Amino acid sequence: MGDSVNREQERQRAGAPHGRAAMLRLAAWFDGADDDTAHALFTAAFAVHPARHLGGGTEDAAAADSWWSAPAADTSAMLRPGARGVLAPVEDHSEQQARLRDAAEAAAHWRRSAAGEVRSLLAGLTPETGRLTMTESALGVLMELLTRALGSGDATTGPVTAGDLELDIRLHVSYAPSAVLSIGEDGGDLTLEGLRLRATPYARRELGPEDDGEPEAGVGDTAPEPDDDSGGA
């Protein structure tokens, strides 16, 4: 096999063509060679020669060896100076999560209570002129629904609505040029001109002709039943 290696080197120096046939022939030689011959064949075929010596700045020459027979390098992770060899325990955020959960549940509770207050106060269509008093949280829910309703269309051309499924409330807004409604809360009064309001359960998307009159106590607190104009209290 050593003679075959020498012949292969001579063929390379002579400019012998390389291709698939040459690679198959080289593979066959590798397949039939022992370890030492395979190393020599690899060096001859790919010109990968071992280092002979290393120069240095000292009088003692550094020992050199082939990468093939050199001992494997230690690739284990190195710790930074002063670092500990154990991972820090994961912080326990369960208490913080519990506080956030409680805060979210409390906020949802107060929004539901505020929506119930709006539904109670606006159970019937608001009058042409009048004044209502509600809490700040209820006014916040009302303003949120009113803003969305007026943003969904032109109230002067037809009634507009906006609802919240989670709060089970829908606000109906209709145009009335002479209407003036004042809503009072701790921070002051809010005056709405040209609008009449009514709150119903979320599922009720439209108001009928019978809803155009003056407010009727209890109307809108529950979903309307067929052939029942009185509503539920």
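Bear in mind the structure is a predicted one, so any value in this text is a computation, not a measurement. When reading the values below, keep in mind they use all heavy atoms of this one structure, side chains included, and skip hydrogens, waters and symmetry mates.
Looking at residues two or more places apart in sequence or on another chain, you find no side-chain hydrogen bond (donor to acceptor under 3.5 Å, both in side chains) involving T191. Qualifying side chain to side chain contact (heavy atoms under 4.5 Å, CB included) partners for L139, counting only residues two or more places apart in sequence or in other chains: M134, L142, M143, I183, E185, L190. Looking at residues two or more places apart in sequence or on another chain, you find no side-chain hydrogen bond (donor to acceptor under 3.5 Å, both in side chains) involving T157. When the side-chain hydrogen bond (donor to acceptor under 3.5 Å, both in side chains) test is applied to T156, the partners found at least two apart in sequence or on another chain are D154. Every residue two or more places apart in sequence or in another chain was checked for a side-chain hydrogen bond (donor to acceptor under 3.5 Å, both in side chains) with S113, and none qualifies. Checked against salt bridge (charged side-chain N to carboxylate O under 4.0 Å, His left out), R112 has no partners two or more places apart in sequence or in another chain. In this structure E105 satisfies the salt bridge (charged side-chain N to carboxylate O under 4.0 Å, His left out) test with no other residue, sequence neighbours excluded. For R101, the salt bridge (charged side-chain N to carboxylate O under 4.0 Å, His left out) criterion is met by no residue, not counting sequence neighbours.
Sorted by first and then second residue, the salt bridge (charged side-chain N to carboxylate O under 4.0 Å, His left out) pairs involving residues 27-45 (not counting sequence neighbours) form an empty list. For the salt bridge (charged side-chain N to carboxylate O under 4.0 Å, His left out) condition, the pairs that include at least one residue of residues 167-176, sequence neighbours left out, are R119-D168.
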Worksheet entry | Stepwise side-chain contact (heavy atoms from CB on, under 4.5 Å) test for Q96 and E91 | CA-CA 11 Å; Q96 180 182 9; E91 295 185 13; over 6 Å; no

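Under the 4.5 Å side-chain criterion, counting only non-hydrogen atoms from C-beta, L197 is not in contact with H172. Counting heavy atoms from C-beta outward, R131 and L181 have side chains that stay 4.5 Å or more apart. By the 4.5 Å heavy-atom criterion applied to side chains, L125 and S174 are counted as neighbours. At least one side-chain heavy atom of V118 sits under 4.5 Å from a side-chain heavy atom of I169.
Linking ILVMFWY side-chain heavy atoms closer than 4.5 Å, directly or via other members, places L171 and Y175 in two distinct hydrophobic clusters. Using a 4.5 Å cut-off between side-chain heavy atoms of Ile, Leu, Val, Met, Phe, Trp and Tyr, with links allowed through other members, L150 and V180 fall into different hydrophobic clusters. With hydrophobic clusters built from ILVMFWY side chains whose heavy atoms lie under 4.5 angstrom apart, L192 shares a cluster with L132.
The distance from the CD atom of E136 to the CH2 atom of W110 is 12.5 Å, given to the nearest 0.5 Å.
Residue Y202 shares its hydrophobic cluster (ILVMFWY side chains chained together at separations under 4.5 Å) with L165. Hydrophobic cluster membership of L100, counting Ile, Leu, Val, Met, Phe, Trp and Tyr whose side-chain heavy atoms lie under 4.5 Å apart directly or via other members: none, as it forms a cluster of its own.
Nearest heavy atom pair, residue S152 against residue A149, reads OG-O, 2.6 Å. Across A114 and V141, no two heavy atoms sit closer than the pair CB-CG2, 3.8 Å. Residue R198 comes nearest to G124 through the heavy atom pair CD-C, 3.8 Å, listed as atom of the first residue, atom of the second, then distance. Nearest heavy atoms, R148 versus G163: NH2-O, 2.7 Å.
Without hydrogens or angle criteria, E193 side chain to A179 main chain gives no donor-acceptor distance under 3.5 Å. At distances below 3.5 Å, at least one donor-acceptor pair connects side-chain atoms of R196 with backbone N or O atoms of T126.
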